[in-house]
*Asks:* 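Handing you a structure now.
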Amino acid sequence: MTVDQKSRRSPYRGREAKSFWKQAVAGKAPDQLPGLYTRKFEITPTDGIMTAGSCFAQHIARHLRAAGYNVLDTEPAPPWMAKETAQRYGFGTYSARFGNIYYVRQFLQLVQEATGQRTPADITWERDGRFFDALRPAVEPNGLETAELVRLHREQHLAQVRKLLAGTKVLVFTLGLTEGWVHTASGTLFPTAPGTIAGDYDPAAYHFHNFSYGEVHQDLIELRRLLQQSTPGLKIILTVSPVSLAATAGGQHVLPATVYSKSVLRAAAGALADEFADVDYFPSYEVITGAPSGNSLLDSTLRNVTPEGVETVMGYFFAEHPVHAAAEDPAPGQPAAPSAEAVMCEEALLEAFGS
Amino acid sequence: MRICFVGDSHLGHVKPAWDELAQAHPQLAVDFKIERTYGEKPLVIRDSGLGEHDAPSVFDDIRLVYGEVLDCARYEVFVVFGMHYSMNTLARTYPRFRSDHQAQGAGAYMLSGEAYQDSANELLMSHKAGRIIRALRARTDKPIVYVQQPHPLEWIAARGDLDFGFYRDALGNGDDAGLAAVYSRSLEQLKQLDVHVRPQPTATRSGNIFTQARFGLADPADVSPESLYSRGDYYHMNKDYGLLALDDLFTSETGVLFRR
C-alpha cells in the first residue's frame with residue numbers, strides 16, 4: 001500500500017517545538033531555551049523545603065531562600081555569627097549541618113541512622129590529636145577534643161535531622177558523585193576519602209567503590225520510601241551537579257570518569273522522575289554542561305560554575321516556581337517606646353550629667 | 001592631652017569619678033560622647049585630618065543629644081566603655097547556645113568549644129562596642145582603650161521576679177567560670193586591633209560573673225516600688241566603682257598612654 005507524503009504518519013509529527021533540536025536549541029543562548037523545564041508540582045511558600053546534596057546544592061538553597069521559599073534549617077548558627085564563620089562550621093549551607101552529601105547512598109545511610117535503622121561504623125577519624133566526624137568531617141574544621149565529643153555532637157545532629165524530616169514537604173536533592181570510599185566491614189560510605197581531611201587510608205579497612213546505575217536507582221527508591229514514611233506525601237526535586245570530578249580513583253582519565261558518573265546519576269534521576277509522580281527532575285546539569293552554553297558558564301578550571309551560570313539555572317527554576325515576596329524588613333512606624341531598661345539608663349545619665 | 005570617652009549610661013559612674021579625679025590630672029581634657037535613650041542625632045565618626053578621603057561612619061542606632069561628631073583628629077586617646085557588650089550579653093545566650101564544655105540543657109544547641117568562642121568574639125564585634133572600635137581603628141593608629149562593662153550585680157541571680165533564670169542555671173551547672181573565661185577571651189581579641197583592654201577591677205568582683213552589691217547604683221535595702229532595686233537595675237554602678245575603674249585606667253599598663 002502506498003502512502004502519499006501528506007498523509008504519511010510519523011511519531012514526531014505534531015510535537016511541540018521543544019522536541020526538536022533545530023527549533024529548541026540550535027542558535028539559542030543558554031538562557032533562552034523555551035520549554036526546557038516544566039514543573040510537575042507546585043511548591044507553596046509555606047511548604048518546608050529541605051535542601052541537600054553536593055556543592056551545587058548550596059546555590060539552589062541560597063536562591064530559594066532569597067526567593068521567599070520556606071527553606072528549612074534545623075541547625076541554625078547563632079544569629080550574630082558572621083556568615084563566613086557560620087559557613088566554616090557548616091551552618092546555613094543546607095537544611096542541617098550534614099555538610100556536602102555527594103552520594104545517594106550517603107543520604108540514604110544518614111536517613112537510616114537518624115530513624116534508628118542503621119548504626120554506622122568507624123565514624124570517628126583522628127588528625128593531630130583532634131577528632132572528626134567521618135560522616136561530615138568539614139563541619140568542624142579543626143575537629144573536636146575527644147572521640148566522645150564527636151559522638152555527642154553527632155547525636156545532637158541526628159536529632160535535628162529527625163526534626164527536619166518531620167517538617168519537610170519538598171526535598172531538593174542534588175546528586176554529585178558515584179565514586180566513593182566505603183568501610184568494608186560495615187558498608188558505611190564516607191563523603192571524603194580516609195586520610196584527606198582526617199583519618200588514615202588503610203586498604204584492609206576501606207575500599208573504593210564506583211556506584212552503578214542500578215545501585216543509585218535502587219538507593220533513590222529506598223530513600224524516597226524512607227522519607228515518605230517520615231512525611232507522607234513528600235515530594236522530591238532531583239538535580240545533578242554539573243561540577244566535574246576533581247579526581248578519579250578508577251584508573252581512567254578523569255574526563256570519561258566524570259561523564260560516566262554524571263551519566264549514571266542523570267539516568268537514575270530521570271528514571272525516578274519517570275516512575276513517580278511525586279519526583280521531579282530539574283535540568284540544571286544540562287543548562288551548564290549542554291552544548292548551548294559551551295564553556296561559557298564555567299570558570300577557567302572548567303569545573304566551577306560561574307555566578308552567571310547559577311543565575312541562568314535558577315532563571316529556569318523560577319520561571320516555573322515563581323518568586324514569592326521575599327521577607328521584608330519590618331515596616332517603618334513609630335519608634336518603639338523605650339524599654340524599662342532604657343529608661344533606667346537615661347536616669348543613670350541624668351544623675352551623673354544633670355541634663 | 002585631649003581624650004575622648006565613648007559610652008552609654010555606664011558613663012554615669014565614670015563622670016562623677018572623673019569630676020573628683022580631674023584636678024589630679026591637669027594635663028588631661030576629657031570629652032564625653034554619650035549614647036542617650038532619647039538622643040536625636042546619630043553618632044558620626046570621622047577624621048578631619050583625612051579630608052575628603054574619609055567617608056564618615058554614621059551610627060543610626062547610637063543616638064546622642066549633643067557633640068555627635070567624633071573627630072579622630074581632635075583626640076590623642078580614645079576610651080570606649082562597655083557599649084552594650086557585657087557578661088550579660090553573653091549569659092543571655094546561655095539558654096540557646098552552649099559550648100561542649102558546658103552543661104547541656106533542653107533547648108540549648110551545643111557548639112564546639114572553638115565555635116562557641118568564635119561566636120562570643122563575634123557577639124562583641126557585632127555589638128556597638130566592636131563597631132565603634134572598628135570605625136575608630138579604620139581611621140587612626142592612636143591608642144584605643146576598651147574598658148569592660150561591669151558584670152551584673154550579684155543579687156540578680158536570686159531575683160525570681162525578673163527574667164534572669166539563666167544566671168541561676170549557669171551557677172547551678174557550674175558554668176559561671178567557663179562563661180567568664182569565654183567573655184575574657186572575647187575581649188582579648190581586641191588586641192589584634194591594637195586595642196588595650198581593661199578588665200573589671202578585681203576588688204569590685206563577686207565570684208566569676210558578678211559585681212559586689214555595694215558598687216551598684218541600686219540599693220538592695222530599698223524595696224520601695226520605684227526604687228532601682230525593685231525595678232531591677234542590676235547593671236548601673238556608683239561613683240565608688242567609677243573611681244576604681246578610672247584608677248585602674250590611669251595606673252595600670254594603660255596609664256602610660258595618658259602621661260605621654
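In what follows, every chain begins at residue 1, and chains take the letters A, B, ... in the order their sequences are listed. Keep in mind it's a predicted model, so treat the numbers as computed, not measured.
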*Asks:* Do side-chain atoms of Ser230(B) reach the backbone of Val223(B) as a donor and acceptor pair under 3.5 angstrom?
*Replies:*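 Answer holds: yes.
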*Asks:* Ala86(A) versus chain B, heavy atoms under 4.5 Å apart: side chain, backbone, both or neither?
*Replies:*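 For Ala86(A), no heavy atom lies under 4.5 Å from chain B.
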*Asks:* Angle between ring planes, His13(B) versus Tyr241(B), binned at 30° and 60°: parallel, tilted or perpendicular?
*Replies:*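 Judged by the thresholds at 30° and 60°, the geometry between His13(B) and Tyr241(B) is perpendicular.
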*Asks:* Which residues in residues 97-107 of chain B have any heavy atom closer than 4.5 Å to a heavy atom of chain A?
*Replies:*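 Against chain A, the residues of residues 97-107 of chain B that fall inside the cut-off (heavy atoms, under 4.5 Å) are Phe97(B), Asp100(B), His101(B).
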*Asks:* I need the single residue from Arg97(A), His153(A), His157(A), Arg154(A) that forms a side chain to side chain donor-acceptor pair (under 3.5 Å) with Asp133(A). Which is it?
*Replies:*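 Testing each of Arg97(A), His153(A), His157(A), Arg154(A) against Asp133(A), the sole residue satisfying side chain to side chain donor-acceptor pair (under 3.5 Å) is Arg154(A).
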*Asks:* Determine the minimum heavy-atom distance between Gln200(B) and Thr211(B), stating which atoms define it.
*Replies:*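 That closest heavy-atom pairing would be NE2-OG1, 2.8 Å.
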*Asks:* Heavy-atom pairs under 4.5 Å with chain B - which of Met81(A), Gln156(A), Gln160(A) has more of them than the others?
*Replies:*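 Heavy-atom pair counts peak at Gln156(A).
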*Asks:* Please rank Ala115(B), Gly113(B), Pro16(B) by heavy-atom pairs under 4.5 Å with chain A and give me the top one.
*Replies:*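 Going by pairs under 4.5 Å, I would pick Ala115(B).
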*Asks:* Specify whether Tyr69(A) and His324(A) have parallel, tilted or perpendicular ring planes, treating 30° as the upper limit for parallel and 60° as the lower limit for perpendicular.
*Replies:*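 Perpendicular.
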*Asks:* Per the ring pair (Phe, Tyr, Trp, His ring centres under 6.0 Å) rule, what does the pair list look like for residues 106-147 of chain A, sequence neighbours excluded?
*Replies:*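 Listed once each, the pairs are Phe107(A)-Phe173(A), Trp125(A)-Phe190(A).
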*Asks:* What part of Ser126(B) gets closer than 4.5 Å to chain A, counting heavy atoms only: side chain, backbone, both or neither?
*Replies:*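 When you check distances to chain A, only side chain atoms of Ser126(B) fall under 4.5 Å.
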*Asks:* Mind checking whether Ile132(B) and Ile62(B) have side chains closer than 4.5 Å, heavy atoms only?
*Replies:*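 Yes. Closest side-chain heavy atoms under 4.5 Å.
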*Asks:* Out of the candidates Tyr234(B), Tyr167(B), Tyr229(B), only one should pair with Trp155(B) under the ring pair (Phe, Tyr, Trp, His ring centres under 6.0 Å) rule; please name it.
*Replies:*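 The passing option is Tyr229(B).
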